[in-house]
Amino acid sequence: MLPYKSHNEKITLLKNGSLDLVENVKYFLSEIEKRKSLNCFLEIFSDDVIQNAEIISEKIKTGKAGKLAGMVIAVKDLLSIKGKRMTCGSKFLENFYPIYTATCVQRLLNEDAIIIGKTNLDEFAMGSSNENSAYGIVRNPVNEAYVPGGSSGGSAAAVAAFQCDVAIGTDTGGSIRQPAAFCGVYGLKPTYGRVSRYGLTSFASSFDTIGAFARTTYDVAALMEVISGYDEMDSTSVKYDVDNYSEDIKSFKKFRIGVTSSLIHEAYSPEIKSKWIATIEKLKLLGHEIVYIDLPHSEYSIAAYYILTTAEASSNLARFDGARYAKRSNESKDLSEMYINSRSEGFGAEVKRRIMLGTYVLSSGYYDAYYLKAQKVRRIIKNDFDKCFKQVDAIIIPTTPTPPFKIGEKTENPLEMYLSDIFTTTANLAGIPGISIPVGHSENGLPIGIQLLADQFNESTLLQLSRQLEMYNYL
Amino acid sequence: MNQKYEAVIGLEVHAQLSTITKLFCGCSTSFDAQPNTNVCPICLGHPGVLPVLNKKVVEFAIKLGTALNCGVNHKSIFARKNYFYPDLPKGFQTSQYELPICGYGFMILKDDGEVEKKIGITRIHMEEDAGKSIHDQSGFTFIDVNRCGVPLLEIVSEPDLRSASDAAVYLIKLRQIVQYLDICDGNMEEGSFRCDANVSVRLKGEEKLGTKTEIKNMNSFRNVEKAINFEIERQIEILEDGGLITQQTLLWNADKNEAAPMRSKEEAHDYRYFPEPDLMPVVINKNWEAEIRKLLPELPEAKRERFIKQYNLPLYDADILTQSKAISEYFENTIQFTFDYKLVSNWIMGDVLKILNERKISISDFSIGPQSLGNLLELISTGQISGKIAKDVFMEMLLTKKEAEVIVKEKNLLQISDVTKLENIITDILQRNNSQVKQYLNGEDKVVGFFVGQIMKETKGKANPKTVNELLKQKLNSKRPN
């Protein structure tokens with residue numbers, strides 16, 4: 001058992017000497033070892049972490065340590081760390097060692113965080129169950145017969161299984177919030193452009209965001225505070241001041257919260273619906289005002305999402321061609337065979353499916369009907385949100401339409417799998433932040449999450465509400 | 001060319017920009033580096049990298065757009081052009097498609113009769129270059145990624161050109177402009193200024209455009225002209241035989257003097273253009289644009305007119321001197337040291353350009369600087385050496401890199417203008433050549449040349465020819481019987 005709940009407690013214990021960082025790190029390594037079956041990690045930096053723990057302990061003693069000193073972090077294996085293998089969950093990158101470090105990882109290191117390893121994921125972040133990894137499925141720590149969600153399944157499960165303090169994930173259509181809900185942890189997807197994407201292997205450039213998993217709101221806040229902010233290496237990152245999240249969450253500010261009936265019929269599971277309603281009731285009891293709003297075009301979000309993200313993905317993944325780095329098939333007679341064989345052997349089925357879909361929607365003659373139309377839908381959905389956020393500070397909707405499903409349950413039906421993103425994709429289409437908050441369990445003991453959405457750059461609102469709900473549970 | 005037909009030609013020019021760094025990363029653009037050394041994760045297209053636009057490229061594009069009378073779009077966007085090739089690391093080229101940086105503009109061409117033709121410029125857009133594939137004889141292909149991400153401007157003309165020579169004039173003028181703007185070195189052989197041509201033919205008077213073909217791989221002005229003429233003739237021949245033109249891409253083969261179709265597989269591209277999601281729209285601030293316009297250098301035409309007015313040069317001279325910015329600057333630097341503008345012009349157009357052509361070098365590599373040339377010509381203007389001696393001194397300067405004054409002094413070449421000294425020499429020569437004196441007195445004026453030759457021989461060419469002529473005539477005429 002850990003003697004602390006969140007990083008502010010941990011740092012106090014480290015400073016007063018009642019917690020030894022090396023022992024703490026060893027504890028996490030042993031937890032990883034104990035539950036290897038979860039398959040959360042693709043790479044464990046066992047030697048590095050102990051060495052770093054020693055160095056950072058010294059820094060803490062001399063009072064020179066950074067904000068995240070000693071925070072043990074797992075990083076989704078879609079982000080570059082110089083010299084550390086990065087697979088992106090793909091066979092294609094089986095032996096790929098990046099030559100530079102992602103901005104967001106560098107910011108963590110600058111604040112003396114300890115990176116414990118790289119976590120498993122759906123190949124190139126394409127999936128909602130972590131069943132699409134070339135390195136095996138990740139299991140839900142609460143019940144190993146169930147999926148942990150995806151694509152950041154390894155990160156969510158590692159946090160839930162106490163294999164690290166916090167984890168970095170990425171969210172293109174729900175890949176942080178959905179696994180956070182399935183594993184019963186907090187998961188924040190920030191505003192598009194809030195965290196630099198430099199070093200994040202692109203899936204869909206205009207949707208991809210980097211965010212955090214943690215067991216407490218405080219840890220999400222502390223982590224986001226460090227990784228957020230403009231980066232000159234990412235032209236889509238935004239020069240907009242980062243709020244002091246870990247201070248902000250101490251406030252008990254009252255908000256106007258929007259409730260919408262749009263899409264709610266998609267919550268197939270009555271358990272989800274009842275948790276959603278219960279959370280609304282809690283918010284009322286906490287003194288927040290509930291306002292009914294309308295998001296009339298939400299039903300088009302899945303279609304628009306899968307057209308636009310696959311289009312971008314088909315182009316982003318074109319660099320994996322076997323010509324310069326990573327996998328090259330040896331059995332090729334000429335250039336086009338080299339391409340075909342390398343890509344056929346290197347990519348998994350879901351990645352191929354999305355590349356084909358994306359190539360199709362961009363093809364001449366189809367572009368207007370698919371890509372351009374989907375862009376218009378995206379704009380309309382954004383407008384819907386803009387209108388709502390004139391009336392409310394946040395919107396509450398379920399994170400997922402059902403509690404976690406069983407491993408193998410949806411693998412045969414990609415469309416049904418895609419529909420499990422129904423509540424999450426809209427935030428990525430609109431570029432707004434969202435957080436999944438654990439609100440309890442289903443009848444058979446599986447975690448359920450409820451989602452709050454806010455206007456661009458209002459992460460602070462989400463974290464404040466998350467903290468208030470978290471406190472409520474302790475009351 | 002068959003007089004029934006007219007050709008319709010449009011050009012697509014790629015100008016490689018002379019920025020210090022690449023379009024989307026901080027790597028150097030220099031092209032004499034060892035293969036694959038001017039590279040970083042970004043231009044190598046590694047997973048997770050993102051482009052950051054080089055502002056200088058936008059500035060260069062605005063400069064060129066302004067010089068070509070284009071409208072500058074205050075918001076333009078980048079797009080991805082998707083295709084697979086080993087020297088294209090990302091699997092797409094970042095270019096502009098819809099909403100390029102510059103919209104419609106034009107260039108005025110004058111033919112020999114000074115008739116003006118307006119050639120429309122459809123658009124100018126920014127894009128990145130690909131790398132180089134070097135195909136080995138053993139069947140291997142080597143990739144050099146240094147050129148990946150080097151910035152290009154693509155300048156697309158309207159199909160307003162009507163002959164191969166029109167096209168060449170347009171191209172020469174466009175190159176002159178990019179060089180004047182100091183945005184591209186304009187070197188066609190080295191590929192920093194490349195041109196593709198779209199060619200079709202139609203019966204004169206016909207409004208409808210014929211089917212066009214595209215010719216690529218022409219790496220000199222001469223080849224552009226030859227290739228277009230070849231294609232015009234080829235198309236006319238097909239039409240005359242009752243055939244139809246196939247829309248295709250042809251590659252010019254300079255050795256064989258013919259264009260052959262590219263393999264259809266290579267051109268069967270669907271580029272799947274879509275807006276580049278990794279870059280924000282390029283928004284141009286009006287003040288910035290105005291600043292760039294203000295700093296625009298004098299363009300070739302304006303300079304030519306100024307040379308005629310300010311230095312009183314003939315149109316012919318002004319035209320040649322302003323063809324290249326570097327030459328025009330060399331001229332203006334030289335006249336800081338001597339005042340005879342026409343003499344300087346003659347020497348640059350003659351002796352200097354001759355050496356440059358012979359040695360295939362540019363003026364910047366020419367060893368005689370403007371000051372050295374100016375000092376040499378000043379020796380002529382002030383009568384210290386003759387024009388003829390000056391030519392020798394010039395060659396000596398090239399050889400030894402010494403200054404004119406030094407050479408003249410060392411070789412004792414100062415002109416003899418001393419009247420008494422020359423009079424003595426002339427008297428002596430006339431005495432020794434009595435029969436020629438008689439011939440002169442009998443009206444054979446051409447023997448004057450003989451005497452001049454003798455005098456020059458005696459003085460080793462140093463006699464001031466003007467003084468010699470005057471003195472000689474004076475002496476000879478004094479021998480006429482009264």
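Below, chain A is the first sequence line, B the second, and so on; all start at residue 1. The structure displayed is predicted, hence computed values, not measured ones.
Note that the CG atom of Leu308(A) and the CZ atom of Phe274(B) stand 10.0 Å from one another [nearest 0.5 Å]. Separation of atoms OG (Ser235(A)) and CG (Leu53(B)) is listed at 7.5 Å; rounding is to 0.5 Å.
Closest approach of Leu44(B) to Arg324(A), counting heavy atoms only: O-NE, 4.4 Å. Minimum heavy-atom separation, Tyr198(A) to Ile42(B): OH-CG1, 3.9 Å. Considering all non-hydrogen atoms of both residues, Pro277(B) and Tyr192(A) come closest at O-OH, 4.0 Å. Nearest heavy atoms, Asp270(B) versus Ser363(A): OD2-CA, 3.4 Å. Scanning both residues, Tyr100(A) and Pro47(B), for their nearest heavy atoms gives OH-O, 2.7 Å. Nearest heavy atoms, Tyr325(A) versus Gly45(B): OH-O, 2.8 Å.
The stretch residues 78-99 of chain B places Arg80(B), Asn82(B), Phe84(B), Tyr85(B), Pro86(B), Leu88(B), Pro89(B), Lys90(B), Gly91(B), Phe92(B) near chain A, each with some heavy atom under 4.5 Å from a heavy atom of that chain. Close approach to chain B, defined as a heavy atom under 4.5 Å from one of its heavy atoms, is seen in Ser80(A), Met86(A) of residues 78-89 of chain A, taken by number.
Most heavy-atom pairs under 4.5 Å with chain B, from the set Asp208(A), Leu93(A), Thr236(A): that is Thr236(A). The residue among Val361(A), Asp321(A), Leu335(A) with the most heavy atom pairs within less than 4.5 Å of chain B is Leu335(A). Per-residue counts of heavy-atom pairs under 4.5 Å with chain B were compared for Ser206(A), Ser364(A), Ala323(A); the largest is that of Ser364(A). Per-residue heavy-atom pair counts under 4.5 Å with chain B were compared for Arg197(A), Glu232(A), Met338(A), and the maximum is reached by Arg197(A). Of the listed residues Ser315(A), Ala102(A), Ala318(A), the one with more heavy-atom pairs under 4.5 angstrom with chain B than any other is Ser315(A). Comparing Gly48(B), Gly139(B), Pro275(B) by heavy-atom pairs within less than 4.5 Å of chain A, the highest count is held by Gly48(B).
For chain B, the nearby parts of Thr359(A) are the backbone and the side chain; heavy atoms of each come within less than 4.5 Å. Heavy-atom distances place the side chain of Phe96(A), and not its backbone, under 4.5 Å from chain B. Using a 4.5 Å cut-off between heavy atoms, Phe207(A) makes no contact with chain B at all. If you measure heavy-atom distances from Ala311(A) to chain B, the contacts under 4.5 Å come from the backbone alone.
Two residues are said to be in side-chain contact when any heavy atoms from C-beta on lie closer than 4.5 Å; Arg272(B) and Tyr367(A) fail this criterion. At a threshold of 4.5 Å between non-hydrogen side-chain atoms, the residues Thr201(A) and His46(B) do not count as touching.
Surrounding CD1 of Ile20(B) are at most 12 heavy atoms belonging to other residues, nucleotides or ligands under 6.0 Å away. Summarising the local packing, OH of Tyr135(A) is surrounded by more than 12 heavy atoms from other residues, nucleotides or ligands at distances under 6.0 Å. Other residues, nucleotides and ligands contribute more than 12 heavy atoms inside 6.0 Å of the OH atom of Tyr97(A). Summarising the local packing, NZ of Lys373(A) is surrounded by 12 or fewer heavy atoms from other residues, nucleotides or ligands at distances under 6.0 Å. Surrounding CG of Asp136(B) are more than 12 heavy atoms belonging to other residues, nucleotides or ligands, all under 6.0 Å away.
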* To do: List the steps and the verdict of side chain to side chain contact (heavy atoms under 4.5 Å, CB included) for Leu50(B) and Met233(A).
  => CA-CA 7 Å; Leu50(B) 297 168; Met233(A) 299 304 281; over 6 Å; no
